[in-house]
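To start, the structure under review is shown below, and the notes come after it.
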Amino acid sequence: ELFALLVHHYKTPLAKFTILDTLFPDADYDKANKLFYVSCSYLRSAFSKLNYPEVLIRDNDNYRINTSILDCDYITLLESEKKLADMSTKELIELSLLCAGEYHMGKSYDWALETKAYIETLSRKILLSLADAYIADGNTLDAISTLEKCLMNDPLNEEVVDKLIRLLINNNQLSKARAIFSTFESKIQDELGLDP
């Protein structure tokens with residue numbers, strides 16, 4: 001969790017007291033401090049065995065992960081957002097592969113909840129950009145497949161439903177378009193009490 005927290009804040013070093021308060025909120029200072037130093041030691045040792053001896057950097061009582069020596073999906077995703085409009089279809093395909101799972105899957109880190117929602121939104125944005133790139137390339141089938149993937153993760157997304165239905169209609173898949181609309185209509189009525 002220490003490693004995940006430091007990567008999460010990769011742009012700015014974290015003060016030791018912030019780390020202690022985040023990771024060990026219920027422990028007294030001495031116990032939290034010992035746990036922190038043991039965690040740092042384990043982290044350095046684990047990465048040293050993988051030939052990354054300088055992964056944890058300390059500057060006074062501020063700590064950070066040396067992300068320049070690591071390849072990290074989280075950082076790649078965040079830094080891609082500004083470049084989505086200029087990416088090729090191939091680059092968007094590679095980026096979309098990073099959207100397969102949820103942020104810190106299986107972990108319930110309170111400090112990561114807000115970013116978890118942001119990553120989900122960014123993943124949808126990447127998939128929509130990929131679908132648009134496929135459409136621009138004339139690759140309707142892959143665009144449909146990508147939009148269906150978006151819909152599985154976000155079944156109430158009206159923009160995705162609209163794009164998908166239009167593509168299906170233009171591709172002469174009318175019964176599939178009706179089925180998508182019918183499912184969307186049922187879900188939006190059941191969950192939100194609204195009509196599409």
Side-chain angles (χ1 to χ4, degrees), residues 1-87 91-130 146 149-157 160 191-192:
E1 187 176 359
L2 171 63
F3 180 69
L5 178 68
L6 292 173
V7 169
H8 183 83
H9 293 280
Y10 72 98
K11 289 185 177 180
T12 53
L14 285 183
K16 183 173 85 168
F17 73 85
T18 302
I19 296 169
L20 296 183
D21 191 45
T22 303
L23 298 183
F24 315 109
D26 300 326
D28 64 60
Y29 177 79
D30 288 339
K31 182 176 181 182
N33 202 37
K34 285 178 186 169
L35 288 168
F36 171 69
Y37 283 114
V38 167
S39 297
C40 286
S41 175
Y42 283 146
L43 194 59
R44 283 189 179 102
S45 174
F47 277 94
S48 192
K49 288 176 186 171
L50 298 170
N51 294 318
Y52 294 105
E54 303 297 322
V55 77
L56 183 61
I57 297 173
R58 178 183 174 198
D59 182 17
N60 293 322
D61 258 2
N62 295 309
Y63 291 80
R64 68 181 178 87
I65 292 297
N66 183 359
T67 55
S68 66
I69 63 172
L70 299 175
D71 184 22
C72 177
D73 294 352
Y74 168 70
I75 295 170
T76 301
L77 276 175
L78 290 185
E79 294 187 351
S80 71
E81 185 173 21
K82 299 172 217 137
K83 304 179 273 185
L84 284 179
D86 300 322
M87 288 185 159
E91 289 170 322
L92 287 166
I93 291 169
E94 289 172 10
L95 192 60
S96 74
L97 297 175
L98 303 181
C99 303
E102 66 182 60
Y103 186 54
H104 292 300
M105 191 180 298
K107 304 289 184 189
S108 55
Y109 301 142
D110 290 339
W111 49 263
L113 291 178
E114 190 176 311
T115 301
K116 190 174 193 172
Y118 176 74
I119 293 289
E120 287 170 7
T121 301
L122 178 56
S123 294
R124 278 193 299 275
K125 194 173 179 180
I126 290 165
L127 289 173
L128 279 170
S129 295
L130 176 58
T146 301
K149 186 176 176 183
C150 280
L151 203 56
M152 283 189 335
N153 297 329
D154 188 11
L156 299 180
N157 189 315
V160 173
E191 295 185 30
L192 302 176

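As the structure is a prediction and not an experimental result, all values here were calculated from the model. Starting from 1, each residue takes its place in the sequence as its number.
Atom CZ of Phe36 has more than 12 heavy atoms from other residues, nucleotides or ligands within 6.0 Å. Environment of CD in Glu54: sparse, with no more than 12 heavy atoms of neighbouring residues, nucleotides or ligands closer than 6.0 Å. Summarising the local packing, OH of Tyr37 is surrounded by more than 12 heavy atoms from other residues, nucleotides or ligands at distances under 6.0 Å.
By the 4.5 Å heavy-atom criterion applied to side chains, Ile65 and Val55 are counted as neighbours. The shortest distance between side-chain heavy atoms of Lys16 and Tyr63 falls below 4.5 Å. Within the 4.5 Å cutoff, no side-chain heavy atoms of Asn33 are placed close to those of Phe24. When side chains are defined from C-beta on, Asp110 counts as touching Leu113, because their heavy atoms get closer than 4.5 Å.
Rounded to the nearest 0.5 angstrom, Leu95 CG and Glu91 CD are separated by 9.0 Å. Residue Asp26 holds its CG atom at 10.0 Å from CG of Asp21, rounded to the nearest 0.5 Å. Taken from CG in Asp71 to CG in Asp73, the straight-line distance is 7.0 Å, to the nearest 0.5 Å. Separation of atoms CD1 (Ile19) and OG (Ser39) is listed at 10.0 Å; rounding is to 0.5 Å. Of the inter-residue distances, the one linking Asn157 atom CG with Leu128 atom CG reads 6.5 Å to the nearest 0.5 angstrom. To the nearest 0.5 Å, atoms CD (Glu81) and OH (Tyr118) are separated by 3.0 Å.
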Practice prompt. Could you walk me through whether Tyr42 and Leu2 pass side-chain contact (heavy atoms from CB on, under 4.5 Å), step by step?
Written response: CA-CA 10 Å; Tyr42 283 146; Leu2 171 63; over 6 Å; no
Worksheet item: Do Tyr74 and Glu79 pass the side-chain contact (heavy atoms from CB on, under 4.5 Å) test, and can you show the C-alpha distance, the side-chain angles, and the key distance before you say yes or no?
Response: CA-CA 9 Å; Tyr74 168 70; Glu79 294 187 351; over 6 Å; no
Item to complete: Given side-chain contact (heavy atoms from CB on, under 4.5 Å), test His104 with Lys116 step by step and report yes or no.
Response: CA-CA 8 Å; His104 292 300; Lys116 190 174 193 172; 5.8 Å; no
Discussion item. Between Asn153 and Glu120, does the side-chain contact (heavy atoms from CB on, under 4.5 Å) criterion hold? Intermediate values first, please.
Written reply: CA-CA 9 Å; Asn153 297 329; Glu120 287 170 7; over 6 Å; no
Discussion item. Pair Lys34, Tyr29 - check side chain to side chain donor-acceptor pair (under 3.5 Å), show working.
Written reply: CA-CA 9 Å; Lys34 285 178 186 169; Tyr29 177 79; over 6 Å; no
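Remark: the backbone N or O of Ile119 is paired with a side-chain donor or acceptor of Ser123 at under 3.5 angstrom. Distance alone, capped at 3.5 Å, is enough to place a donor-acceptor pair between the Arg58 side chain and the Asn60 backbone. A donor-acceptor pair is defined here as one N or O able to donate and one able to accept, closer than 3.5 Å; no such pair exists between the side chain of Thr18 and the backbone of Leu14.
Each of Leu56, Asn66, Thr67 was scored for a side-chain contact (heavy atoms from CB on, under 4.5 Å) with Leu6, with one residue passing: Leu56.
Across every non-hydrogen atom of Ala4 and Tyr109, the tightest pair is CB-CE1, 4.1 Å. The nearest pair of heavy atoms linking Lys149 to Ser96 is NZ-O, 4.3 Å. Nearest heavy atom pair, residue Leu84 against residue Ile126, reads CD2-CG1, 3.9 Å. For Leu122 against Leu77, the heavy-atom pair with the smallest separation is CD2-O, 3.3 Å. Smallest separation of non-hydrogen atoms from Asn62 and Pro13: CB-CB, 3.9 Å. Heavy-atom minimum distance, Leu92 versus Ser129: CD1-O, 3.7 Å.
Below 30°, between 30° and 60°, or above 60°: for Phe3 and Phe47 the angle between ring planes is between 30° and 60°, a tilted geometry.
A donor and an acceptor atom, one from each side chain of His8 and Tyr103, are located under 3.5 Å apart.
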